[in-house]
Each structure stands twice: as structure tokens, then as C-alpha cells.
Asker: 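Dropping the structure in here first, questions after.
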Protein chains: 2
Amino acid sequence: MEQRIERIKKQLHSQSYKLTPQREATVRVLLENEDDHLSAEDVYMLVKEKYPEIGLATVYRTLELLTELKIVDKINFGDGVSRYDLRQEGANHFHHHLVCIECGAVDEIQEDLLDDVEKVVESRWNFQIKDHRLTFHGICYRCQ
Amino acid sequence: MEQRIERIKKQLHSQSYKLTPQREATVRVLLENEDDHLSAEDVYMLVKEKYPEIGLATVYRTLELLTELKIVDKINFGDGVSRYDLRQEGANHFHHHLVCIECGAVDEIQEDLLDDVEKVVESRWNFQIKDHRLTFHGICYRCQ
DNA sequence: GTTTATGCAAAACATTTGCAGCCTT
DNA sequence: AAGGCTGCAAATGTTTTGCATAAAC
């Protein structure tokens with residue numbers, strides 16, 4: 001955890017951004033809820049517990065910054081809000097998601113299942129892939 | 001075109017919805033711009049050319065209805081708006097997208113490249129897939 | 001001291017909803 | 001007369017922006 005914060009701090013510094021207390025509190029919330037898919041509002045509520053003076057705008061600005069630095073990925077599951085998902089350290093692809101249409105749970109697939117598909121797309125469509133988004137909608141093991 | 005409208009009309013009737021002039025005008029805009037990925041506002045502007053009295057709320061309600069009937073798919077590429085994409089007739093999967101990060105173009109892949117991946121997900125994660133969303137972000141052939 | 005970041009409030013958007021009136025049967 | 005459907009305006013919910021203040025370098 002601390003090491004991970006340290007590395008994020010370096011990443012910010014390398015682009016001449018600072019890890020302010022507000023930003024650190026926000027990052028900690030993301031780290032502590034790595035399995036969830038928090039909206040900006042969710043993050044705001046959780047950060048406020050430790051840092052009550054923080055403003056919602058700061059949270060939005062921090063999440064935008066982290067997205068830009070590819071520390072988090074911004075994703076939208078079709079309900080009106082954006083959600084923010086920490087990237088695995090060293091991962092060069094965004095992980096996949098399983099969204100249950102019964103209970104709303106969102107599970108993650110960390111494994112990259114798209115290697116073969118991407119080779120086909122790159123050669124057949126002559127498209128140079130930089131990133132991807134793959135989400136399955138269906139019924140999770142709990143709801144079956 | 002006319003036959004396609006006719007089939008959509010039947011599909012609506014089978015669920016006891018009507019194909020009103022407003023709905024028909026909206027469907028026509030979608031058919032005429034099948035290659036694009038129009039937002040509700042885009043659709044509204046285009047429908048207004050032929051049917052100036054239409055209201056934006058009606059367009060939203062029609063798009064929602066068409067989504068429910070799986071005539072269109074609602075998709076979000078990460079800019080703040082939902083886009084609406086006609087499903088290929090008879091297609092049982094939603095097609096894939098290539099979004100160019102240089103020029104913003106969105107190309108479609110009609111072929112289903114996910115058959116193998118879905119088999120793995122269904123058995124390994126015990127997840128019953130009903131639908132999927134796959135988007136690649138990268139550089140299109142035009143921008144290379 | 002100049003830049004960078006923050007908090008608040010207001011603004012900007014996208015989307016949804018309430019409701020009175022309008023068709024169609 | 002009843003139902004579904006529409007247009008308008010208002011309401012809602014999310015995200016962004018302007019600005020004055022505060023913190024960091």
C-alpha cells in the first residue's frame with residue numbers, strides 16, 4: 001500500500017504534478033476499494049470520512065488527472081455515471097468486466113483474453129490497438 | 001428500407017406499441033445514418049428536418065423503446081453522451097467498434113470475434129453471457 | 001512571488017418526468 | 001370515453017468551470 005502510494009507519487013512528480021493531501025486521500029480510497037467500481041460521488045463520500053473539507057470538484061479533478069496518467073481507467077456501464085477503476089500495476093491492458101443483469105454485481109477478469117482477437121483486428125482491419133474495453137452482460141454465478 | 005420499416009412496425013405491434021409518425025421519422029433517420037453513431041441530440045436535429053414539430057423528449061422516449069426491443073443498441077464511448085446504433089437484422093450479438101484516438105472516427109466490425117472467448121468465460125467464470133460490448137481504442141488505417 | 005491546487009457556488013449538459021392536450025379507436 | 005402518445009417546460013443528476021483564497025515551491 002505505502003509502496004504503491006510512493007510509486008504513484010513518483011509518477012505524478014515525473015509529470016510535475018504534486019501528491020497533495022487531497023490527492024493522496026483520494027488515491028487511498030481507490031486502493032482500499034480496489035475491487036469496487038466507484039463513481040465520483042462514491043469516492044467523494046469515502047474520502048470525506050477521512051478528509052471532510054474536501055470538495056467534490058477536487059475529487060473530479062483528481063480522478064481526471066489519474067485517468068490521464070493511466071493510473072485509473074474511467075468506465076461507463078450504461079447507468080448514467082462514470083466509474084473509476086485502478087489499473088493493475090504493470091498491466092498494459094485494461095481488464096475485462098462481467099456485469100450481472102440480475103443483481104448488478106460487477107466482477108473483473110484480470111487475465112487478458114483478447115490477445116488472439118487483437119492480432120486479427122490489427123492485421124485484418126489495419127488498426128493499431130492502444131487499449132480496449134470489453135464487458136459482458138449476463139447472469140453471474142451467484143444468481144443462476 | 002421500406003421492408004425494414006415494415007418489419008420494425010410489426011415488431012412494435014407485437015408488443016402493442018404503435019409506429020406513430022414521430023417514431024417512424026426517428027427510425028428512418030437511424031436507417032439513413034446506419035454507419036454513424038448518433039447521439040439523441042444528433043437524431044433530434046436530423047428528425048427535425050423532416051418533422052419540425054417533434055420534441056426532444058419524444059426522441060429520447062423512442063430511442064429508449066427501440067433499445068428495449070433490441071432494435072438499437074445504446075453505447076457510450078466515454079464522451080458524455082449515449083449513442084444509438086441499429087442492430088443488424090438477425091444479429092444475436094452486438095457488433096464491435098474501433099475508435100480512432102487521432103481523428104475520432106468510429107468503425108464497426110460486424111463479424112463476431114468473441115465466440116471462443118465467450119466459451120472460456122462461460123465455463124471458467126460460470127457466467128451466462130447475454131450480451132457484450134467490445135471497443136478497441138487506437139489508430140485507424142487512415143491516420144497511420 | 002509565481003505557480004499550482006483547492007473549495008465553493010454557479011453553470012453547463014444530458015436525460016427524465018409531470019402534465020395537459022391530442023390523436024386513434 | 002379511454003388509452004396510448006406527444007410537446008413543452010420543469011426537474012433531476014452528473015460533471016465542469018470561474019474565481020478568490022490558500023498552499024507549495
Side-chain angles (χ1 to χ4, degrees), chain A residues 8-29 37-69 71-85, chain B residues 8-29 37-69 71-85:
Chain A
I8 289 171
K9 188 173 181 175
K10 285 201 183 104
Q11 228 176 317
L12 286 170
H13 286 167
S14 75
Q15 314 256 340
S16 51
Y17 293 114
K18 299 166 204 164
L19 185 64
T20 62
Q22 289 92 333
R23 287 178 182 166
E24 182 172 336
T26 305
V27 169
R28 281 184 189 278
V29 163
H37 299 82
L38 304 174
S39 66
E41 190 79 26
D42 294 337
V43 175
Y44 176 58
M45 296 305 222
L46 290 166
V47 179
K48 257 187 123 63
E49 288 174 13
K50 308 190 238 174
Y51 201 111
E53 323 88 275
I54 202 169
L56 180 54
T58 302
V59 171
Y60 270 103
R61 285 187 278 235
T62 300
L63 291 170
E64 189 190 11
L65 178 60
L66 295 173
T67 303
E68 198 183 301
L69 296 182
I71 293 166
V72 306
D73 282 297
K74 187 175 177 180
I75 191 166
N76 192 302
F77 292 123
D79 56 345
V81 298
S82 293
R83 297 177 179 282
Y84 298 85
D85 210 349
Chain B
I8 289 172
K9 188 174 181 174
K10 285 201 182 102
Q11 228 176 316
L12 287 171
H13 285 167
S14 77
Q15 316 255 342
S16 52
Y17 294 115
K18 298 170 202 159
L19 184 63
T20 62
Q22 289 91 333
R23 287 178 182 166
E24 182 172 335
T26 304
V27 169
R28 281 184 190 278
V29 162
H37 299 81
L38 304 175
S39 66
E41 190 79 29
D42 294 337
V43 174
Y44 176 57
M45 296 304 219
L46 290 166
V47 179
K48 257 186 126 58
E49 289 174 12
K50 307 190 237 176
Y51 201 111
E53 322 87 278
I54 203 169
L56 179 56
T58 301
V59 171
Y60 270 104
R61 285 188 278 235
T62 300
L63 291 171
E64 190 191 11
L65 178 60
L66 296 172
T67 304
E68 200 182 299
L69 296 182
I71 294 166
V72 306
D73 282 298
K74 189 175 174 178
I75 191 166
N76 192 301
F77 292 122
D79 55 346
V81 298
S82 292
R83 298 178 178 279
Y84 298 85
D85 209 350

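Below, chains carry the letters A, B, ... as their sequence lines are ordered, and counting in each starts from 1. Remember, it's a predicted structure, so these values are computed and weren't measured experimentally.
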Asker: Select base, sugar-phosphate, or nothing to describe what R23(B) touches, counting heavy atoms under 4.0 Å on all strands.
Answerer: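 Here R23(B) touches the backbone only, sparing every base.
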Asker: Atom CG of D79(A) to atom C1' of dA14(C): distance rounded to whole Å?
Answerer: 14 Å
Asker: Taking atom C1' of dT14(D) as reference, at what distance in whole Å does atom CE of M45(A) sit?
Answerer: 14 Å
Asker: Could you work out which one of dT6(C), dA24(D), dG4(D) sits closest to the side chain of T58(A)?
Answerer: dT6(C)
Asker: Report the distance from atom NZ of K18(A) to atom P of dA22(D), rounded to the nearest whole Å.
Answerer: 16 Å
Asker: Is any NZ, NE, NH1 or NH2 atom of the basic residue among K74(A) and D85(A) found under 4.0 Å from an Asp or Glu carboxylate oxygen of the other?
Answerer: no
Asker: For dA23(D), does OP1 or OP2 lie under 4.0 Å from any side-chain N or O of T20(A)?
Answerer: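 No.
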Asker: Any base atoms under 4.0 Å from E53(B), or only sugar-phosphate, or nothing? Heavy atoms, all strands.
Answerer: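 The residue E53(B) makes sugar-phosphate contact but no base contact.
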Asker: Find the distance R83(B):CZ to dT15(C):C1' and express it as a whole number of Å.
Answerer: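 Rounded to the whole Å, the gap is 15 Å.
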Asker: Between L65(A) and G80(B), who's closer to the 5' end of DNA chain C by nearest nucleotide?
Answerer: L65(A)
Asker: Do T58(B) side-chain atoms and I54(B) backbone N/O form a donor-acceptor pair below 3.5 Å?
Answerer: no
Asker: dA24(D) P sits how many Å from L19(A) CG, rounded?
Answerer: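 After rounding, the reported distance stands at 12 Å.
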Asker: Would you indicate which nucleotide in dT15(C), dT15(D), dA5(C) comes nearest to any side-chain atom of L56(B)?
Answerer: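 Of dT15(C), dT15(D), dA5(C), dT15(C) is nearest to the side chain of L56(B).
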Asker: Out of dC8(D), dT15(D), dT17(D), which nucleotide sits closest to the side chain of A57(B)?
Answerer: dC8(D)
Asker: Rounded to whole Å, how long is the line connecting atom CD of Q22(A) with atom C1' of dT6(C)?
Answerer: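 Q22(A) atom CD is separated from dT6(C) atom C1' by 6 Å.
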Asker: Check for a donor-acceptor pair, side chain of R83(A) on one end and backbone N or O of H37(A) on the other, with a separation under 3.5 Å.
Answerer: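 Side chain of R83(A) to backbone of H37(A), a donor-acceptor pair under 3.5 Å: yes, one is there.
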Asker: In whole Å, I'd like the distance from the OH atom of Y44(A) to the P atom of dT14(D).
Answerer: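 So the OH-P distance, Y44(A) to dT14(D), works out to 13 Å.
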Asker: With a non-hydrogen cut-off below 4.0 angstrom, is S16(B) in contact with a base, only sugar-phosphate, or nothing?
Answerer: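 No contact.
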Asker: For Y17(B) and K48(B), find the nucleotide of DNA chain D closest to each by heavy atoms; which residue's nucleotide sits nearer the 5' end?
Answerer: Y17(B)
Asker: Quick check: closest heavy atoms across T26(A) and V47(A), and the distance to 0.1 Å?
Answerer: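 That would be CA-CG2, 3.8 Å.
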Asker: Strictly below 4.0 Å: does Y60(B) bring a side-chain N or O up to OP1 or OP2 of dT15(C)?
Answerer: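 It does, given that an N or O in the side chain of Y60(B) lies less than 4.0 Å from OP1 or OP2 of dT15(C).
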Asker: Just compare dT15(D), dG7(D), dG18(D) and give me whichever is closest to any side-chain atom of R61(B).
Answerer: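 Between dT15(D), dG7(D), dG18(D), the one nearest the side chain of R61(B) would be dG7(D).
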Asker: When all nucleic acid strands are considered with a 4.0 Å heavy-atom cut-off, which category describes S82(A): base, sugar-phosphate, or nothing?
Answerer: sugar-phosphate
Asker: Has S14(B) got a side-chain atom pairing as donor or acceptor with Q11(B)'s backbone, closer than 3.5 angstrom?
Answerer: yes
Asker: Whole angstrom is fine here: how far is it from CG in N76(A) over to C1' in dC13(C)?
Answerer: 15 Å
